[in-house]
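The block underneath contains the structure these notes are about, expressed in structure tokens.
Every value quoted in this text rests on a predicted model; they were computed, and no experiment measured them. By convention in this document, chain letters (A, B, ...) are assigned in the order of the sequence lines, proteins followed by strands, and residues within each chain are numbered from 1. What you see below is based on every heavy atom in this structure, not just the backbone, and it leaves out hydrogens, waters and symmetry mates.
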Amino acid sequence: MPTGFQKKVWQKIKNIPKGKVSTYKLLAFAIKKKKAYQAVGQALKKNPFWPKVPCHRIVKSNGELGGFSRGKRVKKRLLEKEEIGFKKNKIIDFKKYLYRF
DNA sequence: GTCGTGACTAGCC
DNA sequence: CGGCTAGCCACGA
């Protein structure tokens, strides 16, 4: 049973174009709750739509992968599939791929 | 109504 | 760069 908050989060994520990524922080900011970044993470974790909602494009502010319900390995692969480079668990040239809402 | 938990962040050491 | 802490928010028990 999606809550209003969750719907907003997912809706925003759907706006992220292929080959781009965003952060929990920016996402929270986009829905007028700039300090709810952790809550955003919970919304993604409960996301019933996958991969309809590209939650794998959401990473931590420092460019690291962050978490992922289905395993970081999968998340990493999905991003590499979109031509995003990785160095261990960090995105190479993070700002270059960063999508600002 | 209160408490614990978490896919977080920023600050400090 | 790594580790720890406090702060913030939504959600379920």
Side-chain angles (χ1 to χ4, degrees):
Chain A
M1 187 83 185
T3 66
F5 178 76
Q6 294 172 335
K7 283 198 222 168
K8 283 183 185 173
V9 173
W10 302 333
Q11 187 57 53
K12 286 292 178 185
I13 296 175
K14 280 194 286 188
N15 287 328
I16 303 175
K18 179 172 181 280
K20 291 280 187 178
V21 298
S22 193
T23 72
Y24 298 90
K25 187 182 176 183
L26 290 175
L27 188 51
F29 189 82
I31 61 177
K32 314 298 184 222
K33 295 268 192 264
K34 51 181 184 185
K35 290 182 182 172
Y37 23 74
Q38 186 142 35
V40 168
Q42 304 227 8
L44 298 192
K45 166 165 77 171
K46 296 171 183 170
N47 169 27
F49 314 99
W50 187 86
K52 184 173 185 183
V53 176
C55 40
H56 57 277
R57 291 185 188 141
I58 307 300
V59 298
K60 300 210 279 186
S61 300
N62 60 0
E64 288 182 3
L65 267 181
F68 197 61
S69 305
R70 293 161 177 77
K72 295 183 183 180
R73 193 183 66 80
V74 176
K75 184 171 185 177
K76 186 176 174 183
R77 247 194 15 227
L78 285 169
L79 291 171
E80 289 178 325
K81 203 171 259 211
E82 301 188 355
E83 300 174 12
I84 295 176
F86 273 93
K87 176 159 191 176
K88 295 206 169 186
N89 275 340
K90 280 186 191 163
I91 295 178
I92 299 173
D93 212 349
F94 177 52
K95 343 180 351 182
K96 179 169 142 192
Y97 300 105
L98 183 57
Y99 174 71
R100 300 162 198 282
F101 290 96

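- A/A39 comes within 4.0 angstrom of a base, heavy atoms only.
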### Message
For a side chain to side chain contact (heavy atoms under 4.5 Å, CB included) check, start with the C-alpha distance between A/R57 and A/I13, then their side-chain angles and the critical distance, and finish with the verdict.
### Response
CA-CA 8 Å; A/R57 291 185 188 141; A/I13 296 175; 5.7 Å; no
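- Side chains of A/N62 and A/F94 form no contact here, defined as non-hydrogen atoms less than 4.5 Å apart.
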### Task
Determine, stepwise, if the pair A/L26 / A/Y37 fulfils side chain to side chain contact (heavy atoms under 4.5 Å, CB included).
CA-CA 8 Å; A/L26 290 175; A/Y37 23 74; over 6 Å; no
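- Contacts with DNA chain B (heavy atom under 4.0 Å) in residues 22-32 of chain A: A/Y24, A/K25, listed by number.
- Using a 4.5 Å cut-off between side-chain heavy atoms of Ile, Leu, Val, Met, Phe, Trp and Tyr, with links allowed through other members, A/V59 and A/I84 fall into the same hydrophobic cluster.
- From the 5' end on, the contacts that DNA chain B makes with chain A at under 4.0 Å to a non-hydrogen atom open and close at B/dT5 to B/dA10.
- The aromatic ring centroids of A/F101 and A/Y99 lie less than 6.0 Å from each other.
- In this structure, C/dG7 and B/dC8 make a Watson-Crick or G-U wobble pair, each of the two defining distances being under 3.5 angstrom.
- Base engagement by A/K45 is indicated by at least one non-hydrogen atom pair under 4.0 Å involving a base atom.
- Within a 6.0 Å radius of CZ in A/F29, no more than 12 heavy atoms belonging to other residues, nucleotides or ligands are found.
- Residue A/L79 is grouped with residue A/V53 when hydrophobic side chains (ILVMFWY) are merged at heavy-atom distances under 4.5 angstrom, including chains of intermediate members.
- The heavy-atom pair separating A/P2 from A/W10 by the smallest distance is CB-CZ3, 3.7 Å.
- At a threshold of 4.0 angstrom between heavy atoms, the contacts of A/K46 are confined to the sugar-phosphate backbone, with no base atom among them.
- The residue A/S69 sits close to a base: some heavy atom pair falls under 4.0 Å.
- Between chain A and DNA chain C, the heavy-atom contact criterion of under 4.0 Å yields a 5' to 3' nucleotide range of C/dG7 to C/dC11.
- By the criterion of side-chain heavy atoms lying less than 4.5 angstrom apart, applied directly or through intervening Ile, Leu, Val, Met, Phe, Trp or Tyr residues, A/I16 is not grouped with A/L78; the two fall into different hydrophobic clusters.
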### Message
Let's go through A/R70 and A/W50 carefully: what are the C-alpha distance in whole Å and the side-chain angles of both, what is the deciding distance for side chain to side chain contact (heavy atoms under 4.5 Å, CB included) to 0.1 Å, and is it a yes or a no?
### Response
CA-CA 10 Å; A/R70 293 161 177 77; A/W50 187 86; 3.8 Å; yes
### Message
What verdict does the side chain to side chain contact (heavy atoms under 4.5 Å, CB included) test give for A/C55 and A/F49, after you've listed the backbone C-alpha separation in whole Å, the side-chain angles of each residue and the deciding distance to 0.1 Å?
### Response
CA-CA 9 Å; A/C55 40; A/F49 314 99; over 6 Å; no
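- Where A/Q42 and A/Y37 each meet DNA chain C at their nearest nucleotide, the meeting point lying more 5' is that of A/Y37.
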